[in-house]
Amino acid sequence: MKERNITFGIEARVNDIEEQTIAALVDAGLRHILIGLESGRDESLKRLNKLTSVSDNEKALRILRKYGIEPSVGFIMFEPDSTIEDLKINYDFLKRNDLLEKLEISVNVLYHHMIILQGSASYKALQDQGRLNISDHSTYEADTDYQNPKVATMAGMMRDMTNHIFAYMKDTWELSFKKDPATLSQYDLVNRLLVYSFAGLLNEFESGEMTAENRDIYVRSFNQSVDLIMS
């Protein structure tokens, strides 16, 4: 493949990322990789039965970046039993590892909730607890309500805010991919707003300043700011 200038991408577990292997794959044409980090907290990784650690996550990122690969990442910000403290630890992990620098990544990792798949330990446990919301379209996928009301409210806000951003991105992602200067500038401003807002919400929920009653006002104001940037 190297002689034919063929490039390729793969998916991998973080504990499969070894320096010698990545060096050989990059030399052969590897340019893109998706890794499932899932969490910045060891307790969550154990709960998800990932058989990995935060240290494994950070080692994988270091190795990939050493060889010029900025990975796409899977990350579950909102778990069914998350607390505000869990969200803060996840946010700190993302910031510490420079995973909130691009809108294309931030808009995913700052909201992504847990999709519960049939056959998993979580599916059975939540079903036994009577907490499983099974899809009308398929029993293969399900979700559940959040135990913590503050987390539930924040998750709903982030869903509405990121969906508003996605509505713009579906028509502009190609321009971003082609490095259009105006679009890149817009994406950078929206990303800064999103990351700043997420951190602010964590503080407001922790202090009790943010309530379910004023969530709509906050979301509407955020979305209007995005409109101004993208218009």
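Numbering of residues begins at 1 and proceeds along the displayed sequence.
In this structure K102 satisfies the salt bridge (Lys or Arg N to Asp or Glu O under 4.0 Å) test with no other residue, sequence neighbours excluded. The side-chain hydrogen bond (donor to acceptor under 3.5 Å, both in side chains) check on T172 picks up Y187, with sequence neighbours excluded. Take R47 and apply the salt bridge (Lys or Arg N to Asp or Glu O under 4.0 Å) test, not counting sequence neighbours, and it matches E79. Partners of D145 by salt bridge (Lys or Arg N to Asp or Glu O under 4.0 Å), not counting sequence neighbours: none found.
Rounding to the nearest 0.5 angstrom, the gap separating the OG1 atom in T183 from the CZ atom in F177 is 13.5 Å. Distance check: D16 CG to T21 OG1 gives 8.5 Å after rounding to the nearest 0.5 Å. We find the NE2-CD1 distance between H113 and I76 to be 9.5 Å, quoted to the nearest 0.5 Å. The CD atom of E70 lies 8.5 Å from the CG atom of L64; values are rounded to the nearest 0.5 Å. To the nearest 0.5 Å, atoms OG1 (T162) and NE2 (H112) are separated by 10.0 Å. Of the inter-residue distances, the one linking R65 atom CZ with I63 atom CD1 reads 12.5 Å to the nearest 0.5 angstrom.
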Side chain to side chain contact (heavy atoms under 4.5 Å, CB included), that's the test. Do M77 and M158 meet it? Break it down for me. CA-CA 11 Å; M77 177 59 76; M158 291 305 300; over 6 Å; no

Given the rule in the side chain to side chain contact (heavy atoms under 4.5 Å, CB included) test, do V195 and E101 qualify, once you have shown the distances and angles that lead to the verdict? CA-CA 9 Å; V195 174; E101 303 299 314; over 6 Å; no

Start with the C-alpha distance between D92 and K88, add both sets of side-chain angles, then the distance that settles salt bridge (charged side-chain N to carboxylate O under 4.0 Å, His left out), and finish with yes or no. CA-CA 6 Å; D92 289 342; K88 288 181 67 176; over 6 Å; no

Take L184 and S176 through the test side chain to side chain contact (heavy atoms under 4.5 Å, CB included) and record every step on the way to the result. CA-CA 6 Å; L184 291 178; S176 173; 3.9 Å; yes

Starting from the C-alpha separation in whole Å, work towards a yes-or-no answer on side chain to side chain contact (heavy atoms under 4.5 Å, CB included) for L30 and I69. CA-CA 8 Å; L30 177 66; I69 295 180; 3.7 Å; yes

Does N90 form a side-chain hydrogen bond (donor to acceptor under 3.5 Å, both in side chains) with S39? I'd like the steps, not just the answer. CA-CA 6 Å; N90 275 338; S39 179; 3.3 Å; yes

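A pairwise comparison of heavy atoms in S122 and I116 identifies C-CG2, 4.0 Å as the closest pair. For the residue pair A142 and Y123, the shortest heavy atom distance occurs at CB-CE1, 4.0 Å. When every heavy atom of A12 is checked against every heavy atom of I17, the shortest pair comes out as CB-CD1, 4.0 Å. Considering all non-hydrogen atoms of both residues, G208 and T211 come closest at O-CG2, 4.1 Å. Among all heavy-atom pairs drawn from L202 and L87, the shortest one is CD2-CB, 3.6 Å. Listed here is the closest heavy atom pair of A155 and Y146: CB-CE1, 3.6 Å.
Put simply, the side chain of R31 never gets that close to the backbone of G68: no donor and acceptor are under 3.5 Å apart. Side-chain atoms of S197 come within 3.5 Å of backbone atoms of L193 as a donor-acceptor pair (strictly under, hydrogens ignored). Using a distance-only test at 3.5 Å, with no hydrogens or angles considered, no donor-acceptor pair links the side chain of N15 to the main chain of D56. Distance alone, capped at 3.5 Å, is enough to place a donor-acceptor pair between the S207 side chain and the E204 backbone. Of the possible polar contacts, one joining the T144 side chain to the R131 backbone as a donor-acceptor pair under 3.5 Å is found.
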Table please: side-chain donor-acceptor pairs of residues 216-230 below 3.5 Å, with sequence neighbours left out.
{"residue": "S225", "atom": "OG", "partner": "S221", "partner atom": "O", "Å": "3.1"}
{"residue": "D227", "atom": "OD1", "partner": "H164", "partner atom": "NE2", "Å": "2.7"}
{"residue": "D227", "atom": "OD1", "partner": "Y168", "partner atom": "OH", "Å": "2.7"}

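Side-chain contact between F75 and L99 is absent, with no heavy-atom pair separated by less than 4.5 Å. Contact annotation: the side chain of F8 approaches that of L25 to within less than 4.5 Å [non-hydrogen atoms, C-beta and beyond]. When side chains are defined from C-beta on, M169 counts as touching E104, because their heavy atoms get closer than 4.5 Å. Annotation: side chain of K59 is not in contact with side chain of E19 (no heavy-atom distance under 4.5 Å). Two residues are said to be in side-chain contact when any heavy atoms from C-beta on lie closer than 4.5 Å; L194 and L110 meet this criterion. In this structure, the side chains of L48 and M114 come closer than 4.5 Å at one or more pairs of heavy atoms. Looking at I134 and Q127, their side chains come closer than 4.5 Å, going by heavy atoms from C-beta outward. V151 has its side chain out of reach of D81: every pair of non-hydrogen atoms, C-beta onward, lies at least 4.5 Å apart.
Surrounding CD of Q129 are more than 12 heavy atoms belonging to other residues, nucleotides or ligands, all under 6.0 Å away. More than 12 non-hydrogen atoms from other residues, nucleotides or ligands lie less than 6.0 angstrom from CZ of F166.
Each of L45, V14, L37 was compared with V54 under the side-chain contact (heavy atoms from CB on, under 4.5 Å) criterion, and only L45 meets it.
In summary, the side chains of T83 and E85 do not present any donor paired with an acceptor at a separation below 3.5 Å, with no hydrogens or angles considered. Under 3.5 Å, the side chains of T52 and N57 contain no donor-acceptor pair of N or O atoms.
At a threshold of 4.5 Å between side-chain heavy atoms, the hydrophobic network of Ile, Leu, Val, Met, Phe, Trp and Tyr places V26 and L61 in one connected group. A single hydrophobic cluster is not seen to contain both I105 and L34; linkage of ILVMFWY side chains at heavy-atom distances under 4.5 Å, directly or through other members, places them apart.
The aromatic rings of F198 and Y91 lie parallel to each other, their planes meeting at an angle below 30°, with 60° marking the opposite boundary.
The side-chain hydrogen bond (donor to acceptor under 3.5 Å, both in side chains) contacts involving residues 149-161 comprise D160-R215, where partners must be two or more places apart or lie in separate chains.
Here K46 does not pair with D42 in a salt bridge; the nearest charged N to carboxylate O distance is not below 4.0 Å.
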